[in-house]
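Okay, so here's the structure we're looking at.
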Amino acid sequence: MNTPAPPDAAADAPLEVFRQAVEQSALAISITDDKARILYANPAFQRVTGYVRDEVLGHNESLLSYRVTPRIVYESMWAQLLRQRAWNGLLVNKRKDGSRYLADLTITPVVDEAGHTSHYLGMHRDVTEVHRLERQVQNQKTLIESVVDAAQVAIVVLDEGERVVLDNQEYKKLIGDLGPEPAQTVLAALRAAMGGDFDKARQSGRGFSGREVSFPRRNAEPRWFVCAGSWIEELDASADAFYEPRRRHYMLLTLQDITPLKEREEAVRVNGLRALLAEQERIQSLREALAGAVFQLEGPFNMIAAAVKLLEVRGEAGGLVEGLREALRAGGEALDGLRAGIPSAAVEAVQAVNLNEVLRDVLRLATPRLLADGVVVEWRPETALPPVQGRVNQLCNLFKQLVENALDAIHDTRGGRRELRIATATFPDRVEVTVEDSGPGVPEAARIKAFEPFFTTKGADRQHIGMGLAVAREVVNGHGGFIDIEAPGEGRSGCLVRVQIPVGG
Ligand code: FAD
C-alpha cells in the first residue's frame, strides 16, 4: 500500500518542482487517461521510444507494443490496475524506427477524490542490455555445464569445507560405483601420498596434476585414477560485499579412470612373472633331477670302487679287475659329465619382501586353475605385515609350489568341499604363511618323508618327480625359516603347510 506524503510537505512543494522533476527524470514517464491514452510524455520517453511528444499524445500506449508480449501479461496487468494496484513487468516494445527493446515498466493508477481511477502513471526504462547480459551469463553457464557434463573425466568442485558444490555426470557415476562422496576418499589418499606438498600446492595456488590414487574394493581389483587439482577464487556476490569484495576459494578436482590401463600393466607384469617363474622352475627341476641322478648313481659307483679296492688288496688281477676298473673310469666320467651339466642356480639379490604381495601374485597366477577347478579361496592377509629379507622370485616359486600342490590335492577329491585357505600372520621375530587345502591330506607317517627328493604320492603318469617340496624346503632353509606339514585344525580334513620366515632375514 502506498503511504501518502504528509499533507504539509506536499503542499509546501511548488507544482513547478513536480513538473520539472518529471520533465528531467531519466526514466521514460507518461501519464494516460483511464483508457491508456497518452496525455503527457517526458523527454526521456522521447529518447527511449523515438517518438516526439506530439506524435504520441492522444494515442493508446499500445502503439509501443511489438505484439509479441503474450496476451496473458496484459490481462494480468489490467486485472491488477483495475484493482487500483500498481503493476510492474517486462514488455517487448517497438520504437518509432521499428527497432525493439525490452521495457521494464511500472504503472501506477492515479485515484481521484471520489475513489475512481482518473489517470495512469507509466514509468519505464530500456533494460535490453541488462537482459542480454543476463541471458549471455545463463547461456555460458548452460554451455559450461554441458561441456563439463559431456567430459569423459569426473569433475567436481569443492568449497572451503570440502563439500561438493558442483559435479558432472562422470562423477555421479563414480558415486554409484564407489559409494558416497568419492572426492573425500581421493583427498585423503592425495594428502597421504603428497604429505606437505598438498598444502603447499593449495597455498601457492599452483595446484597439482598426474597424481595416481587407487580405490580398494571389496572382492574386486582396485579402481585407479589419475588426479589433477587446482584452486579457484570467486568474488562474493552478496550486497554487503559490494564495496568490500570478499573472495571465496574452491577446489577443482578432476579424476580420470585409468583402471583399464593399470589392469593391462598388471597383466603384463603378471605374465612376465609367470614366464620368469616357469623358466626358474625348469632350471630348478633340471638341477634337482641331475643332482638326484648323480646322488642315485654315486651309490653303485662307490660300491664298484669299494669292490675294486677289495680285489686290489687281495692282490687279484686279471680280466674282472680290469673290467671293473674300466667300468669305474667310465662311470666316473659319466658322473662328472652329469655334474658339469647341472645348470648353476640363478643369483638373486636379497631385498625387503612383503609376503602378502607375493601371495597375491601367486593367487593371480593360479586364477585360471582356481576357476577351472571351481575352488573357493579364503585369503586372509594380516593387514600390517612386516617385510622379510628375502629373494622375491624364490619365495614366489616356493608359494606357487605349495598352492599347486594344494590344487592337485583338491583336484583329486571327489565331491565335498573344494577350498583353499591362505593366511598370513605376524609374530615378534617372524612372519607365518599357512596354505591349507581340503584335499585328502598327507598321512602322519609321510609328512617328514614328503620333503625328501623323489618322494611322491602322485602317479608317475602325472609327471611328478617329487621334487616340489624338496625345493620348497631348500628355499625356506635358504631364508633361515621353517616349513612343516600338519593336519588342519577345527575338525577340518585336508593338509596344512606352515611356513615361517624370520623378519630379520
Ligand atoms: P488491448 O486490446 O489494448 O488490451 C489487452 C487486454 O487488456 C484485453 O484483455 C483488454 O480487455 C485489457 N484492457 C486493455 N485496456 C484496458 C483498460 N483500459 N481497462 C481494462 N482492461 C483493459 N503496452 C505496451 O505494449 N507497451 C507499453 O509501453 C505500455 N505502456 C503502458 C503505460 C500505461 C500508463 C498504461 C495504462 C498502459 C500501457 N500499456 C503498454 C498497455 C497498453 O495500453 C495495451 O493494453 C497493451 O499494449 C495491449 O494492447 P492491445 O491492443 O494488444 O490489447
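Start at 1 and go down the list; that is how both ligands and their atoms are numbered. Note: hydrogens, waters and symmetry copies are ignored here, and every other heavy atom, side chains too, is used.
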For [atom], what is the closest protein heavy atom, and at what distance to 0.1 Å?
atom	answer
atom 37 (C) of ligand 1	Ile107 CD1, 3.7 Å
atom 3 (O) of ligand 1	Ser62 CB, 4.7 Å
atom 52 (O) of ligand 1	Arg67 NH1, 2.6 Å
atom 1 (P) of ligand 1	Arg71 NH1, 4.4 Å
atom 41 (C) of ligand 1	Met77 CE, 3.1 Å
atom 19 (N) of ligand 1	Trp78 CE3, 3.5 Å
atom 38 (C) of ligand 1	Glu61 CB, 3.3 Å
atom 28 (O) of ligand 1	Asn93 ND2, 3.0 Å

Got a salt bridge between [X] and [Y], using NZ or NE/NH1/NH2 to carboxylate O under 4.0 Å?
X	Y	answer
Glu129	Arg135	no
Glu432	Arg498	yes
Glu234	Arg247	no
Glu162	Arg191	yes
Lys262	Glu212	yes
Arg37	Glu61	no

Polar-atom distance check: [X] versus ligand 1, any N or O pair below 3.5 Å?
X	value
Asn60	yes
Ser30	no
Lys35	no
Tyr120	no

(request) Classify the side-chain pair Gln401/Asn405 by whether it contains a donor and acceptor separated by less than 3.5 Å. (result)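 The answer is yes; a qualifying pair exists.
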(message) Under a 3.5 Å threshold, yes or no: a donor from one side chain and an acceptor from the other, between Tyr101 and Asp126?
(response)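 Tyr101 vs Asp126: no donor-acceptor pair found between side chains.
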(request) With rounding to the nearest 0.5 Å, note down the distance linking SG in Cys396 to CD in Gln394. (result)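 Here the rounded value is 11.0 Å.
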(request) Mark yes or no: Arg430 above the aromatic ring of Phe427, with NZ or CZ under 6.0 Å from the six-membered ring centre and no more than 45 degrees from the axis. (result)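 Yes, Arg430 sits over the ring of Phe427.
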Please identify which atoms of ligand 1 are closer than 4.0 Å to at least one heavy atom of [X].
X	result
Glu75	9 (O)
Leu82	20 (C)
Ser65	25 (O), 47 (O)

(request) Could you tell me whether atom 10 (C) of ligand 1 has a protein heavy atom closer than 4.0 Å? (result)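 False for atom 10 (C) of ligand 1.
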(request) Evaluate the 4.0 Å heavy atom contact test for atom 26 (N) of ligand 1: does a protein atom fall under the cut-off? (result)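 Yes, because at least one protein heavy atom sits under 4.0 Å from atom 26 (N) of ligand 1.
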(message) Applying a heavy-atom cut-off of 4.0 Å, say which part of Asp34 lies close to ligand 1: side chain, backbone, both or neither.
(response)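 The backbone, only.
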(request) Answer yes or no for Leu64: is there a heavy-atom contact with ligand 1 below 4.0 Å? (result)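 Yes, Leu64 has heavy atoms under 4.0 Å from ligand 1.
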(message) Under 4.0 Å, counting heavy atoms only: does His124 come that close to any atom of ligand 1?
(response)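 It does not, in that no heavy atom of His124 comes within the 4.0 Å cut-off of ligand 1.
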(message) Pair Arg421, Asp437 - check salt bridge (Lys or Arg N to Asp or Glu O under 4.0 Å), show working.
(response) CA-CA 6 Å; Arg421 294 163 173 247; Asp437 64 66; over 6 Å; no
(request) Might you point out which heavy atoms bring Gly390 and Leu395 nearest each other, and give the distance in Å? (result)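 Nearest heavy atoms, Gly390 then Leu395: CA-CD1, 4.2 Å.
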(message) Please state which option from Ile29, Thr117, Leu105 has its nearest heavy atom closest to atom 30 (N) of ligand 1.
(response)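 Minimum heavy-atom distance to atom 30 (N) of ligand 1 goes to Leu105.
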(request) Check the pair Arg246 / Glu244 against salt bridge (Lys or Arg N to Asp or Glu O under 4.0 Å), numbers first and verdict last. (result) CA-CA 6 Å; Arg246 280 195 299 259; Glu244 287 173 10; 5.9 Å; no
